[in-house]
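Comments concern the structure below.
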Amino acid sequence: STVICVFEEDSIQIDEDLLQNSERSLETLVSVGMQLGIARKKRAEMDL
Amino acid sequence: MGNGGSRRGDSSSSSDSESKSSRVSRLRQKLHDYRQSHFHRRRRSSGLSSHLNSLSSADDFAGIALLTLIRAEMKFKDKWLACVSLGEQTFRTEISDNTDKPVWNSEKKLLLERNGPHVARISIFETNRVSKNNFIGYCEIDLLEFLDLDSDSDAHVFDLLDPSSNDMVVGNISLSCAIEDPFETEKNFARRILSVVDYDEDGTLSFSEFSDLVNGFGNQVLATKKEELFKAADTNGDGVVSMDELAALLAIQQEKEPLINSCPVCGEILQVADKLNTMIHLTLCFDEGTGNQVMTGGFLTDKQASYGWIFKLSEWAHYSSYNVGLKSGSSASHILVFDRRKKRLVEELIDGKIVLSMRALYQSNIGLRLMDKGAKEILQSISERQGKKMNSVESAEDIPKFLEFFKDQINMGEVKYPLQHFKTFNEFFIRELKPGARPIACMEHDDVAISAADSRLMAFKSAEDSLRLWIKGRKFSVHGLLGKDICPNAFVNGSIVIFRLAPQDYHRFHLPVSGVIEKFVDIPGSLYTVNPIAVNSKYCNVFTENKRTVSIISTTHFGKVAFIAIGATMVGSMTFLKKEGDFVKKGDEFGYFSFGG
């Protein structure tokens, strides 16, 4: 079974390690509750 | 530190702790000294501006650790081998004699980086079968904590735990770990590369030997330039380059105009700006296959390293970074996944027969045409029958066998109810966990999204990326995934995260974000497998053809989030614990998958 989450464009900054593994076609073993990403709005505030 | 816990090494004499600073603090001091000397050297050689680079690379460096697996004490006699896994690397020892006290004395240099993996897993296998080894015990050791132990002795003893029951000790292993002085690393490196081209073994390099060395590092400098470099290196003017002169040249030249562009052992292109890590890379590469009882490397996981005769075929297997995950074609017999918590690769084996049948069905046009001619109905029927069977009282008898099969992957200690609580297999399959078993990241911050399931995850910035890198079904689209009852506009090029649950996983899914549930839409469909073999098939469109339920969650920080639960072969039943209009908090239980159609 599988769950897919689709976020609106530019709404989330997914954690870099997850993106990097996926770019290598490598799945990442995760558990419920681990951080997935941060809202882009928040990210922009932090960058400022 | 790790799970071994029972540090029984000779650490008793700690009376003069003042004089006996920890090895890590000594290492830190060495690194400090190293940085200071490097800084002054750089000021002399290339001006102040370049030293920042050096400091940054030195800051990233923790050191080379020499790990030695000395011996073990097991509870029965056998021929034993041990594997060490750290990050994406696994090494194995030789196989011991038939004994209950195997001695290996095998050592391996491992690179410890500040933010890199530092928990080593030691796995012990018995090897009395021809092609299959049995995993008997393991321990996990945080090497940075190990190095921090104050002790007169470098060797420590750790309990080996039974993979099927974390409380049971099946033996112990004695090992040591030491950090190499960065100065020593630099010196050893110069000595090692000198020996590679020092054909007459006189401990110095003539011009022709020096010239070969420069070529070996992938540097295409002109002959006149080589002469110039050689003269610069030969500071005492005796016509040859000594080890010290070579070390000095490499240190200075690598900053000005790097000599070392690629590793002569593995061919990897080296980062020009990162001299320190270049030196470490080459040191570790040159170290392969030499030294005292050095462990064999080139493996990705401990399972791979423990294979019997098969290991001979894969001993030097090399995986480029782009095919490390799913193996395609005839090699599709296992899937490698990266364990985020432990920062290392683990191997998910698929039964060979299943692989063949999945490939036949999902990776060929003919297979899919067969699927159209009735196989879909068969999959539906199998799933419904499986549902009935798994809801029967008799099915509870399968639970112990299931636990045995996945003995190192299911932790019963975190399950809410004891085993006898489950009256059917399906009840066990949808087991709940104890409160707090899954900590929620940044619980008070709704602008941080979390993982929705214990799973193997793929994440892509856009649908386009997901198609380029993972989902190969020709008909996949976000529109198709969401179905015709949901307006797809906001999601069309949004980020996609795929959580794949394996049979042994905790099968409840949780909310990744906080918000209000706007709606649920059930979409009927097939029950193809969601295994990567099918997802990676251009002929199969599992995500857009399988039975699924789409829910839309309206959030403050992420806008709308589409949450799609997709049924699969045999596990086609989805139950939701929330309803439309509910306010939900990230981490809340959202529903579960169970056996059935």
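Sequence lines set the chain letters: A, B, ... in the order given, protein chains first and strands last, and positions in each chain run from 1.
- Of the atoms belonging to B:T556, it is backbone heavy atoms, and not side-chain ones, that fall under 4.5 Å from chain A.
- Using a 4.0 Å cut-off between a side-chain N of Lys or Arg and a carboxylate O of Asp or Glu, A:D15 and B:R340 qualify as a salt bridge.
- In this structure, the portion of B:P439 lying under 4.5 Å from any heavy atom of chain A is its backbone and not its side chain.
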Exercise. Would A:Q35 and B:C442 count as a side-chain contact (heavy atoms from CB on, under 4.5 Å) if you check the C-alpha gap in whole Å, the side-chain angles of each, and the deciding distance to 0.1 Å?
Worked result: CA-CA 8 Å; A:Q35 181 168 312; B:C442 306; 4.0 Å; yes
For this session: Check the pair A:V3 / B:I566 against side-chain contact (heavy atoms from CB on, under 4.5 Å), numbers first and verdict last.
Result: CA-CA 6 Å; A:V3 167; B:I566 302 177; over 6 Å; no
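- Proximity to chain A is limited to the side chain of B:F593, based on heavy atoms less than 4.5 angstrom apart.
- There is no contact between B:K342 and chain A, counting heavy-atom distances below 4.5 Å.
- For the residue pair A:L36 and B:S451, the shortest heavy atom distance occurs at CB-N, 4.1 Å.
- A:L19 touches chain B through backbone and side chain together, each having a heavy atom under 4.5 Å away.
- Checked options B:V497, B:V530, B:I496; the residue passing with A:I4 is B:I496 (criterion: side-chain contact (heavy atoms from CB on, under 4.5 Å)).
- A salt bridge is defined here as a Lys NZ or Arg NE, NH1 or NH2 lying under 4.0 Å from an Asp or Glu carboxylate O, and A:E27 with B:R500 meets this definition.
- To the nearest 0.5 angstrom, B:L457 atom CG is 6.0 Å from A:S22 atom OG.
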